[in-house]
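Residue numbering restarts at 1 for every chain, and letters A, B, ... go by the order of the sequence lines.
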Protein chains: 2
Amino acid sequence: MATRRTTDAPPTAQLELTEALHDFFRAARRARGRAARDPSPNGLSLAQYHLLEPLAGGPRTNRELAELAGISAPTATRMVDGLLQRALVSRVEDPTDRRAVVISLSETGRAALALKEREYESVRSRIAAAFEPHEQELATDLLRRLAAVIEEL
Amino acid sequence: MATRRTTDAPPTAQLELTEALHDFFRAARRARGRAARDPSPNGLSLAQYHLLEPLAGGPRTNRELAELAGISAPTATRMVDGLLQRALVSRVEDPTDRRAVVISLSETGRAALALKEREYESVRSRIAAAFEPHEQELATDLLRRLAAVIEEL
DNA sequence: TATTGTTATACTCTATAACTATA
DNA sequence: TATAGTTATAGAGTATAACAATA
């Protein structure tokens with residue numbers, strides 16, 4: 001759709017914002033779809049990255065990982081199952097509370113996480129390069145609002 | 001001091017932006033999970049909305065819908081299958097090219113689409129209310145850049 | 001041969017409900 | 001009883017590969 005550029009802000013700006021939102025959500029959806037396919041051997045999907053991220057600071061229980069990633073406990077279990085098969089994490093009984101399990105990063109897992117973090121770093125740099133500091137603040141604000149809105153969408 | 005700041009952007013702004021991106025994707029993930037359990041009878045998921053939207057302007061082939069939604073043809077077929085069962089669309093052979101199918105909105109489908117559009121309208125209003133007009137332009141710009149960046153994530 | 005669509009297959013990610021084991 | 005985790009089950013959404021029908 002050809003973007004019509006006028007100097008007056010009011011209605012045009014809102015329409016374009018709507019359209020940009022649309023494109024953004026579509027891109028996000030497509031990104032999730034692509035991420036489901038795992039081309040690289042030690043690659044992490046976005047969801048896996050979110051799950052593993054807290055482990056950089058030390059071992060966690062299944063429950064903790066689920067809560068920090070904002071997912072249900074069974075989902076965390078299932079995801080950890082897959083990561084176990086790829087030897088990215090270990091999962092052992094907690095000796096102090098035998099109901100619980102302790103999940104830790106393996107060296108491979110730590111490397112995979114670091115790689116993904118560098119990818120995020122690259123994304124951040126690209127955004128940072130494209131916007132002024134005060135625009136970055138606006139971006140943060142905007143994304144936070146979008147996240148909140150999505151929760152009730 | 002190896003401060004390699006491209007601009008005067010304090011690292012805090014960049015870190016918060018990264019975190020906001022993180023929160024946004026987590027919210028989007030969870031939203032999709034919830035959508036699987038959508039209780040509303042004629043509700044549309046975001047993906048379904050993106051698929052049906054072009055139909056407001058008239059019938060389309062499966063191929064066209066897939067391309068416009070940015071998904072594969074089999075995915076479009078599958079999604080249309082579900083929408084057919086709910087009688088939100090119709091799907092008939094194209095008499096002029098019998099390889100193709102023509103997909104159209106039913107009255108119910110049109111209503112569901114309109115409802116979702118009103119929901120988006122509400123989202124837009126909330127965002128618009130939160131930002132000044134010139135900030136809306138920035139937000140539009142920002143979302144476009146984010147969408148582009150996400151495509152290569 | 002090229003295009004359109006569907007079917008077959010497979011995967012990730014999400015959830016709730018029911019269950020086991022431990023506290 | 002309450003909590004941690006897993007298993008069972010279900011479903012959306014994504015993809016590629018193989019197929020049939022038509023142009």
**Message:** If you compare all heavy atoms of B/L113 against all heavy atoms of B/A56, which two are closest, and at what distance to 0.1 Å?
**Reply:** CD2-CB, 3.9 Å
**Message:** Quick check for you: among C/dT14, C/dT6, C/dT4, whose closest atom lies nearest to any side-chain atom of A/I71?
**Reply:** C/dT14
**Whole angstrom value for the distance that separates P of D/dG11 from CG of B/D81** = 15 Å
**Prompt:** CE of B/M79 versus P of D/dA12: gap in Å, rounded?
**Reply:** 10 Å
**Asked** If only atom types and distance count, is the side chain of B/Q85 paired as donor or acceptor with the main-chain N or O of B/G82 below 3.5 Å?
**Response** no
**Complete:** Separation of C/dC13 atom C1' from A/H50 atom NE2, nearest Å, is 13 Å
**Asked** On DNA chain C, nearest-nucleotide positions of A/G70 versus A/E93: which is more 5'?
**Response** A/G70
**Message:** Using whole Å, what does the distance between atom P of nucleotide C/dT4 and atom CZ of B/R60 come to?
**Reply:** 14 Å
**Asked** Is there side-chain contact between B/R91 and B/T77, with heavy atoms separated by less than 4.5 Å?
**Response** yes
**Request:** Report the nucleotide, chosen from D/dG5, D/dT16, C/dA15, that has the shortest atom-to-atom distance to any side-chain atom of B/P74.
**Result:** D/dT16
**Message:** Starting the side chain at C-beta, find the nucleotide from D/dT14, C/dC13, D/dG13 nearest to B/S45.
**Reply:** D/dG13
**Asked** How many Å lie between CG on B/L46 and C1' on C/dT14, as a whole number?
**Response** 16 Å
**Message:** Please classify the nucleic acid contact of A/D94 as base, sugar-phosphate, or nothing, using heavy-atom distances under 4.0 Å.
**Reply:** nothing
**Complete:** Of D/dA23, D/dG13, C/dG5, the nucleotide closest to the side chain of B/Q48 is D/dG13
**Request:** Would you kindly confirm whether B/V102 and B/L84 end up in one hydrophobic cluster when ILVMFWY residues are joined by side chain heavy atoms under 4.5 Å apart?
**Result:** no
**Fill in**
note: A/R63, atom CZ; D/dT6, atom P; distance rounded to Å ~ 13 Å
**Nucleotide nearest B/N62 when distance is taken to its side chain, options C/dT6, D/dA15, C/dT12** = C/dT6
**Message:** I'd like to know if A/R98 reaches the base of C/dT22 with its side chain, counting only an N/O donor and acceptor under 3.5 Å.
**Reply:** no
**Request:** Would you please confirm or rule out a distance under 4.0 Å between OP1 or OP2 of C/dA15 and any side-chain N or O of A/T75?
**Result:** yes
**Asked** Is there a side-chain polar atom (N or O) of B/T77 under 4.0 Å from OP1 or OP2 of C/dT7?
**Response** no
**Item:** side chain to side chain contact (heavy atoms under 4.5 Å, CB included) between A/Y49 and A/E117, worked out
**Value:** CA-CA 9 Å; A/Y49 171 73; A/E117 261 156 6; 3.4 Å; yes
**Item:** Carboxylate-amine/guanidinium proximity below 4.0 Å for B/R98 and B/D94
**Value:** no
**Message:** With nearest nucleotide decided by heavy atoms, which residue, A/D97 or A/A47, maps closer to the 5′ end of DNA chain C?
**Reply:** A/A47
**Request:** Quickly work out the B/L52 CG to D/dA12 P distance and round it to whole Å.
**Result:** 15 Å
**Request:** Using whole Å, report how far CZ of B/R86 lies from P of D/dG11.
**Result:** 14 Å
**Message:** At less than 3.5 Å, do the side-chain atoms of A/R99 and the base atoms of D/dT3 form a donor-acceptor pair?
**Reply:** yes
**Message:** So, under a plain 3.5 Å distance rule, would you say the side chain of B/R78 forms a donor-acceptor pair with the base of C/dT9?
**Reply:** yes
